[in-house]
*Asks:* 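One structure coming up, written as structure tokens, with questions to follow.
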Amino acid sequence: MYENGGETVKKYDRLIFVTKGDTAAGPMAEAILQSKYLLDELDVTSKGLVVLFPEPINPKAEAVLVSNGLTMKAHMSDPLVQEDFNDRTLLLTMNEEVRQKVIDTFSPEREDLVRVLYQYVGAAEEPGNPYGGTLADYGKCFTELESMIKKLVVQLNEEELLC
């Protein structure tokens with residue numbers, strides 16, 4: 001947070017996890033972050049680059065979430081749109097390929113707002129892409145995301161304290 005004419009302002013109002021289809025890793029990351037404690041309110045959602053029509057979360061991703069006490073049963077994939085870009089929104093992708101596509105398609109001048117999750121939190125590597133994999137692959141992706149999101153929570157809370 002920072003002072004703006006006597007008014008306290010936080011760094012981000014919104015965080016969007018961006019994946020290709022918004023049916024697996026993005027919604028899982030959204031659910032994990034929504035279950036964590038943040039010092040300041042943050043609108044957390046997920047969006048996809050290639051969403052031709054709304055689709056529900058992948059059943060294996062939902063099964064993994066449920067086994068961890070979470071759910072995104074009501075989630076429907078949602079396309080990333082130009083209106084999602086502003087100075088108060090942080091976009092986190094799962095890998096550099098998606099980050100670059102987001103920048104090229106939507107916001108070359110604001111690439112500082114589009115980051116890769118694992119790099120942003122200082123993790124060694126990106127989470128595995130479970131698409132088309134086994135239930136165990138989705139479970140592994142969840143575990144990797146959860147570890148990164150724990151670091152993300154600490155980082156977001158520290159940024160709010162330092163702003």
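The chain is numbered in sequence order, starting from 1.
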*Asks:* Side chains of Val121 and Gln155: does their closest heavy-atom pair fall under 4.5 Å?
*Replies:*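 Touching, per the 4.5 Å side-chain cut-off.
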
*Asks:* How about Lys140: does its NZ atom have over 12 heavy atoms from other parts shown lying under 6.0 Å from it?
*Replies:*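 It does not: Lys140 NZ has 12 such atoms or fewer within range.
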
*Asks:* Do you know which two heavy atoms are closest between Glu30 and Ser46, and how far apart they sit?
*Replies:*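 Between these two residues, the closest heavy atoms are OE1-OG, 3.0 Å.
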
*Asks:* When you measure from the side chain of Ser35 to the backbone N and O of Ile32, does any donor-acceptor pair fall under 3.5 Å?
*Replies:*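 Between the backbone of Ile32 and the side chain of Ser35 there is a qualifying donor-acceptor contact (under 3.5 Å).
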
*Asks:* What I'd like to find out is whether the side chain of Leu117 reaches to under 4.5 Å of the side chain of Thr93, using heavy atoms alone.
*Replies:*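 Heavy-atom side-chain distance check fails, nothing below 4.5 Å.
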
*Asks:* side-chain contact (heavy atoms from CB on, under 4.5 Å), that's the test. Do Lys36 and Lys150 meet it? Break it down for me.
*Replies:* CA-CA 8 Å; Lys36 304 297 183 196; Lys150 284 179 182 176; 4.2 Å; yes

*Asks:* Minimum heavy-atom separation for Arg115 and Arg99, please, with both atom names.
*Replies:*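 Shortest heavy-atom separation between Arg115 and Arg99 comes out as CA-NE, 4.0 Å.
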
*Asks:* Is there a donor-acceptor pair closer than 3.5 Å between any side-chain N or O of Glu62 and the backbone N or O of Thr71?
*Replies:*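 No; judged by distance alone, with no hydrogens or angles, the pair does not exist.
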
*Asks:* Going only through I, L, V, M, F, W and Y residues with side-chain contacts under 4.5 Å, is there a path from Val153 to Tyr12?
*Replies:*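 Hydrophobic grouping puts Val153 with Tyr12.
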
*Asks:* Are the side chains of Tyr120 and Leu90 in contact, using a 4.5 Å heavy-atom criterion?
*Replies:*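 Yes, their side chains come closer than 4.5 Å.
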
*Asks:* Testing Thr19, Asp22, Leu49 one by one against Leu80 for a side-chain contact (heavy atoms from CB on, under 4.5 Å), which residue passes?
*Replies:*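 By the side-chain contact (heavy atoms from CB on, under 4.5 Å) criterion, Leu80 pairs with just one of Thr19, Asp22, Leu49: Leu49.
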
*Asks:* Shortest non-hydrogen contact from Val64 to Gly139?
*Replies:*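 Looking at all heavy atoms of both residues, the shortest contact is CG2-N, 3.6 Å.
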
*Asks:* Do Val98 and Leu92 belong to the same hydrophobic cluster, where Ile, Leu, Val, Met, Phe, Trp and Tyr are linked whenever their side-chain heavy atoms lie under 4.5 Å apart, directly or via other members?
*Replies:*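 Different clusters: Val98 never reaches Leu92 through Ile, Leu, Val, Met, Phe, Trp or Tyr contacts under 4.5 Å.
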
*Asks:* Indicate yes or no for a side-chain donor-acceptor contact from Glu55 to the backbone of Met76 under 3.5 Å, with no hydrogens or angles considered.
*Replies:*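 No, Glu55 side chain to Met76 backbone: no donor-acceptor pair under 3.5 Å.
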
*Asks:* Can you name the closest pair of heavy atoms from Leu39 and Asn157 and give their distance?
*Replies:*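 What the structure gives for the nearest pair is N-OD1, 2.7 Å.
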
*Asks:* Can you tell me how far apart NZ (Lys47) and OG1 (Thr45) are? Round to the nearest 0.5 Å.
*Replies:*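 Answer rounded to 0.5 Å: 6.0 Å.
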
*Asks:* Once you round to the nearest 0.5 Å, how far does CD of Gln34 lie from CD1 of Ile149?
*Replies:*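 Those atoms lie 10.0 Å apart.
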
*Asks:* Report yes if some heavy atom in the side chain of Leu156 is under 4.5 Å from a heavy atom in the side chain of Leu15; otherwise report no.
*Replies:*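 In contact.
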
*Asks:* Between atom NZ of Lys60 and atom CG of Leu65, what is the distance when rounded to the nearest 0.5 Å?
*Replies:*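 Result: 14.5 Å between the selected atoms.
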
*Asks:* What do you reckon, is CD of Gln82 surrounded by more than 12 foreign heavy atoms closer than 6.0 Å?
*Replies:*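 Yes.
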
*Asks:* Within a strict 4.5 Å, meaning less than it, do heavy atoms of the Leu113 and Phe85 side chains meet?
*Replies:*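 Side chain of Leu113 against side chain of Phe85, heavy atoms only: no contact under 4.5 Å found.
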
*Asks:* Would you indicate whether the side-chain heavy atoms of Ile103 and Gln100 approach each other to under 4.5 Å?
*Replies:*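 Contact flag for Gln100/Ile103 side chains = yes.
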
*Asks:* Is there a donor-acceptor pair under 3.5 Å between the side chain of Thr105 and the backbone N or O of Lys101?
*Replies:*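 Side chain of Thr105 to backbone of Lys101, a donor-acceptor pair under 3.5 Å: yes, one is there.
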
*Asks:* Is there a donor-acceptor pair under 3.5 Å between the side chain of Asn95 and the backbone N or O of Glu97?
*Replies:*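 Side chain of Asn95 to backbone of Glu97: a pair is present.
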
*Asks:* At what distance, to the nearest 0.5 angstrom, does NE2 of His75 lie from CG of Asp78?
*Replies:*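 Reported to 0.5 Å precision, the distance equals 7.5 Å.
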
*Asks:* Flag yes if Val50 and Val102 sit in one hydrophobic cluster, no otherwise; membership is Ile, Leu, Val, Met, Phe, Trp, Tyr, and two members link when side-chain heavy atoms are under 4.5 Å apart.
*Replies:*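 Yes, Val50 and Val102 fall within the same hydrophobic cluster.
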
*Asks:* Ignoring hydrogens, what is the shortest heavy-atom contact between Pro130 and Ala24? Give both atom names and the distance.
*Replies:*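 Heavy atoms only, the tightest pair is CG-CB, 4.4 Å.
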
*Asks:* As an exercise, state the distance from CZ of Phe142 to CG of Asp137, rounded to the nearest 0.5 Å.
*Replies:*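 If I round to the nearest 0.5 Å, the distance is 15.5 Å.
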
*Asks:* Starting at CZ of Phe17, measure out to CE of Met94 and round the result to the nearest 0.5 Å.
*Replies:*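 Phe17 CZ to Met94 CE: 6.0 Å, rounded to 0.5 Å.
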
*Asks:* Determine the minimum heavy-atom distance between Pro127 and Leu145, stating which atoms define it.
*Replies:*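 Of all heavy-atom pairs spanning Pro127 and Leu145, the closest is CG-CD2, 3.9 Å.
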
*Asks:* If you define the side chain from C-beta out and look only at heavy atoms, does anything of Tyr118 sit under 4.5 Å from Met148?
*Replies:*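 SC-SC contact between Tyr118 and Met148 confirmed.
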
*Asks:* Look at the side chain of Glu96 and the backbone N and O of Val116, then say whether any donor-acceptor pair between them is shorter than 3.5 Å.
*Replies:*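 Not at all, since once roles are kept as given, no pair shorter than 3.5 Å links the two residues.
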
*Asks:* Which residues satisfy the salt bridge (Lys or Arg N to Asp or Glu O under 4.0 Å) test with Arg14, sequence neighbours excluded?
*Replies:*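 Partners of Arg14 by the salt bridge (Lys or Arg N to Asp or Glu O under 4.0 Å) criterion, ordered by chain and then number, come out as Asp43, Asp84.
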
